[in-house]
K.L.:
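Could you have a look at this structure, given as structure tokens, before my questions?
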Amino acid sequence: MKKIKVGPNDIAFKEMGEGEAIVFLHGFCGSVTYWDKVAPVLSSDYHVILIDLRGHGNSKASDAPFTIDDMAKDIKEVLESLQIGQFYLFGHSLGGYITLSFVEHYPEKLKGYGLIHSTAFPDSEEAKEGRINSAKSIEKNGIQPFIDGLIPKLFSDDSLLNLKEEVESTRKVGYSTDSKAAQQTLLAMKARPDRTTVLENKSIPVLLVAGDQDKIISVDKAFSVEENHVVTKIIAESGHMSMLEKPDSLIKAIREFLHIEKN
Ligand SMILES: O=C(O)CC1=CCC(=O)O1
């Protein structure tokens with residue numbers, strides 16, 4: 001993987017294919033490996049760029065607190081280092097929160113964007129309390145028990161039974177997340193603002209993807225806007241991880257969106 005320095009942090013990324021640039025951001029405690037079933041297929045037609053968020057995968061974060069906006073700036077720096085002017089940005093879950101911050105701060109860089117199992121709503125008060133408790137628990141017990149608790153929520157019940165390899169590889173990636181960075185990321189997610197008005201910005205085309213069996217972000221929360229600039233797609237029989245649970249359906253949704261945008 002290639003790396004660039006953004007302040008004290010090292011941001012790792014991977015490129016494949018040629019053509020129009022499409023960028024993918026993984027979710028909390030994930031890495032670029034989340035896109036292993038999607039990126040090689042899309043790279044036959046596109047220049048695919050996969051980025052490890054700070055503190056995740058091969059990217060390093062300093063111990064300083066950070067915000068979702070800081071994480072969006074990391075993405076801008078990577079793309080500027082590659083001299084890519086405009087691109088499509090797709091964010092999964094936490095990656096979607098970062099995508100919305102990117103839309104708010106750097107809209108001129110986007111041809112379009114997608115939120116994959118993500119939401120523009122902020123955390124509820126109950127969720128905010130949960131973030132604090134999770135951060136405390138990671139500080140006390142390390143990352144592994146937290147990941148063991150997260151895994152059953154990420155996948156549909158059927159996937160948990162039948163996609164053992166995908167489930168275990170996701171667990172392994174989660175275990176490798178820097179524990180301090182995971183705590184900081186939880187606090188960053190807790191502090192993120194309501195970005196429903198960002199999603200309503202009609203000048204940038206949007207793809208919203210939801211899983212009909214997502215236990216973390218329901219279809220209602222994912223599809224907060226119904227406007228002409230928004231394409232919505234429900235992935236059948238998928239939990240929060242369609243890129244691993246139903247990759248062909250996700251690829252189809254992305255391809256259709258990009259095709260619509262090109263015509
Ligand atoms: O906790 C969130 O809001 C986001 C998230 C959960 C799992 C993931 O991939 O991101």
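All ligand and atom numbering here is 1-based and tracks the order in the structure.
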K.L.:
If we set the cut-off at 4.0 Å for heavy atoms, which region of His26 has an atom near ligand 1: side chain, backbone, both, or neither?
P.N.:
neither

K.L.:
Classify the contact between His117 and ligand 1 as side chain, backbone, both or neither, using a heavy-atom distance cut-off of under 4.0 Å.
P.N.:
neither

K.L.:
As an exercise, identify every atom of ligand 1 less than 4.0 angstrom from a heavy atom of His92.
P.N.:
9 (O)

K.L.:
Please confirm whether Leu186 approaches ligand 1 to less than 4.0 Å, judged on its heavy atoms.
P.N.:
no

K.L.:
If you apply the rule salt bridge (charged side-chain N to carboxylate O under 4.0 Å, His left out), what do you find for Arg192 with Asp123, and how did you get there?
P.N.:
CA-CA 8 Å; Arg192 77 185 193 282; Asp123 276 1; 2.7 Å; yes

K.L.:
Would you mind running through ligand 1 and noting each atom that sits below 4.0 Å from a heavy atom of Leu94?
P.N.:
10 (O)

K.L.:
Which heavy atom of the protein is the closest neighbour of atom 6 (C) of ligand 1, given with residue, atom name and distance?
P.N.:
Ser93 OG, 3.7 Å

K.L.:
Looking at ligand 1, does Met241 have a heavy atom less than 4.0 Å from it?
P.N.:
no

K.L.:
Under 4.5 Å between side-chain heavy atoms, counting indirect links through other Ile/Leu/Val/Met/Phe/Trp/Tyr residues: same cluster for Ile234 and Leu199 or not?
P.N.:
yes

K.L.:
Cut-off 3.5 Å, side chains only: do Ser218 and Asp220 have a donor facing an acceptor?
P.N.:
no

K.L.:
Do Tyr97 and ligand 1 have an N or O pair less than 3.5 Å apart?
P.N.:
yes

K.L.:
Side chains of Ser159 and Glu166: closer than 4.5 Å at any heavy-atom pair?
P.N.:
no

K.L.:
Do the rings of His117 and His240 sit parallel, tilted or perpendicular, given the 30° and 60° boundaries?
P.N.:
tilted

K.L.:
Could you give all pairs that pass the salt bridge (Lys or Arg N to Asp or Glu O under 4.0 Å) test and reach residues 80-108, with sequence neighbours left out?
P.N.:
Lys76-Glu80, Glu80-Lys109, Glu104-Arg195

K.L.:
Pull out every atom of ligand 1 sitting under 4.0 Å from any heavy atom of Gly27, numbered as shown with elements.
P.N.:
9 (O)

K.L.:
Is the closest heavy atom of Arg131 to ligand 1 under 4.0 Å?
P.N.:
yes

K.L.:
For atom 9 (O) of ligand 1, what is the nearest protein heavy atom, given as residue, atom name and distance?
P.N.:
Phe28 N, 3.2 Å

K.L.:
Mind telling me whether Tyr34 and His26 have parallel, tilted or perpendicular rings, with 30° and 60° as the class edges?
P.N.:
perpendicular

K.L.:
Can you name the ring-ring contact (aromatic ring centres under 6.0 Å, His included) partners of Phe66, sequence neighbours left out?
P.N.:
none

K.L.:
Measure Leu154 to ligand 1 on non-hydrogen atoms and call it side chain, backbone, both or neither using the 4.0 Å cut-off.
P.N.:
side chain

